[in-house]
Number of protein chains: 2
Amino acid sequence: VRISELSAATDVPVPTLKYYLREGLLPAGTRTSRTQAIYDDSHVERVRLIRALTEIGGLPLATVDRVLVAIGSPDVSRLDLLATAQGALLPADSPDSSDSAPTRASPQPHRAARWLDERGWPTGPSDPLADELDRALAACDIAQLGLDDERLSSYADAVEQIAHLDLVSVPDEPLPAVRHVILGTVLIDAVLAVLRRLAQRHAAVELADTQGPPAP
Amino acid sequence: VRISELSAATDVPVPTLKYYLREGLLPAGTRTSRTQAIYDDSHVERVRLIRALTEIGGLPLATVDRVLVAIGSPDVSRLDLLATAQGALLPADSPDSSDSAPTRASPQPHRAARWLDERGWPTGPSDPLADELDRALAACDIAQLGLDDERLSSYADAVEQIAHLDLVSVPDEPLPAVRHVILGTVLIDAVLAVLRRLAQRHAAVELADTQGPPAP
């Protein structure tokens, strides 16, 4: 199909598609003349993927680029693949995570590393995910949410079920697997966040019903 | 304390504090002269709260403003309070959610409403959270993640445990409760996202151990 039809099929304006082509996010089409090229189904799918990652996943284009590079790399083990996906998606993308880290204010430095050790989840001396957990926990501390190790472990029990569901659904072939892990991490984060709010409402209504209306 | 000391205590530059004061995010201090004012512990806590919401929660200042207004409102029921918090935090903040909704491309419109009915979670004819779930599910469909109703319900089982943990920890007094719900929703979303990646790694390592190394 021509670029105008690619635009119609994906609901993305032609100038945006040309921008993707210039930036290398979208591979060039097959030239049919000096000024025209044709595009196939792989282009349609790729454009939809870019839109899904930016509009729903909320990822900046620079991260989308890294994700697309990861998807295009030669086959890797399922574990390497997960590491690649996690690396591409690390919140290190946020402008202030590396320099003005809020961990300075943390009353419990290295809490994440200690907790991970106790739980038996794999970690190492320099683990960006553990650093990220420290930052997130420090913010909860500052906000005085009372998120102690016991409650953190209860959350982790529920999240282990989620991670298990994540992994059993990953396809076996390397390329679809990378795609699935990266998209699944970003897009299902969004689903889980909405589910959490819906489940909170459900739990709050049940709580209100149990307690009954307040006496007048 | 003076504004320079407030800056030192919160690690926020004086110009930023003055911006918060101008925008009404931070209440004025007590004037001691035409050009000076003093600030107390409530200012320190409020500045830390703003930093937590923007730096860790990743919320834009406009949303932080709505959140602070919600925290300052007179006492409400625990259910209204949850609705206020959810309203302030709805991803409606993203620039493209209202106009160019990706739901257009959804192969299953109203899937969220039908699924919520079946699950018995409260929803209504016009429910922003259900719309948000539809958008998130449509993105998963486009990405062909194979997130069918069965797997969605399995995720929901785990998320119900999380929501229960969220609610039992909410304090009884209205003001701390609003603060706790809003901050807990934003900040613990960040904790849960990191935990999910850590749990995926744990599960992947266990999977690799079970399967053993590939034959050379």
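The figures here come from the full heavy-atom set of this structure, side chains too, leaving out hydrogens, waters and symmetry mates. Lettering of chains follows the sequences in order, A, B, ..., and the numbering in each one begins at 1.
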K.L.:
Using salt bridge (Lys or Arg N to Asp or Glu O under 4.0 Å) as the criterion, list what pairs up with A/Glu118, not counting sequence neighbours.
P.N.:
A/Arg114
K.L.:
Heavy-atom pairs under 4.5 Å with chain A: which of B/Leu165, B/Asp157, B/Leu133 has the most?
P.N.:
B/Leu165
K.L.:
Return yes when atom CG of B/Asp148 has more than 12 non-hydrogen atoms of other residues, nucleotides or ligands closer than 6.0 Å, and no otherwise.
P.N.:
yes
K.L.:
Are the side chains of B/Val191 and A/Leu152 in contact, using a 4.5 Å heavy-atom criterion?
P.N.:
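In short, these two side chains touch, coming nearer than 4.5 Å.
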K.L.:
Taking all non-hydrogen atoms of both residues, which atom of B/Gly184 and which atom of A/Leu145 are closest, and how far apart?
P.N.:
CA-CD1, 3.7 Å
K.L.:
Heavy-atom distance under 4.5 Å between the side chains of B/Arg197 and A/Glu132, does that happen here?
P.N.:
no
K.L.:
So, taking the atom named CG in A/Leu147 and the one named CG in B/Leu187, what distance separates them when rounded to the nearest 0.5 Å?
P.N.:
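So the gap between those two atoms works out to 10.0 Å.
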K.L.:
Consider only side-chain N and O atoms of B/Ser169 and A/Arg151, and report whether a donor and an acceptor are under 3.5 Å apart.
P.N.:
yes
K.L.:
Quick check for you: to the nearest 0.5 Å, what is the distance between B/Leu167 atom CG and A/Arg201 atom CZ?
P.N.:
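Answer rounded to 0.5 Å: 12.5 Å.
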K.L.:
Sequence neighbours excluded, which residues qualify as side-chain hydrogen bond (donor to acceptor under 3.5 Å, both in side chains) partners of A/Ser7?
P.N.:
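Partners of A/Ser7 by the side-chain hydrogen bond (donor to acceptor under 3.5 Å, both in side chains) criterion come out as none, since no residue qualifies.
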K.L.:
For the CD1 atom of B/Ile162 and the CZ atom of A/Arg196, what is their distance to the nearest 0.5 Å?
P.N.:
7.5 Å
K.L.:
Mind listing the closest non-hydrogen atom pair of B/Ile188 and A/Cys140 along with its distance?
P.N.:
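Shortest heavy-atom contact: CG1-SG, 4.1 Å.
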K.L.:
So do A/Tyr155 and B/Leu192 actually touch side chain to side chain, heavy atoms under 4.5 Å?
P.N.:
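Side chain of B/Leu192 against side chain of A/Tyr155, heavy atoms only: contact under 4.5 Å found.
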K.L.:
Quick one: are A/Arg135 and B/Val194 in side-chain contact, heavy atoms under 4.5 Å?
P.N.:
no
K.L.:
Tell me, do B/Arg119 and A/His202 make a side-chain contact under 4.5 Å, heavy atoms counted?
P.N.:
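Heavy-atom side-chain distance check fails, nothing below 4.5 Å.
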K.L.:
Rounded at 0.5 Å granularity, tell me how far OG1 in B/Thr123 sits from CG in A/Leu198.
P.N.:
7.5 Å
K.L.:
Is A/Leu116 in contact with chain B via its backbone, its side chain, both, or neither, using a 4.5 Å heavy-atom distance?
P.N.:
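Only the side chain of A/Leu116 comes within 4.5 Å of chain B.
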K.L.:
Just how far is it from atom CZ of B/Arg48 to atom CD of A/Gln144, taken to the nearest 0.5 Å?
P.N.:
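Here the interatomic distance stands at 9.0 Å.
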K.L.:
Which residue out of B/Thr10, B/Asp127, B/Leu137 racks up the most heavy-atom pairs below 4.5 Å with chain A?
P.N.:
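The option with the most such pairs is B/Asp127.
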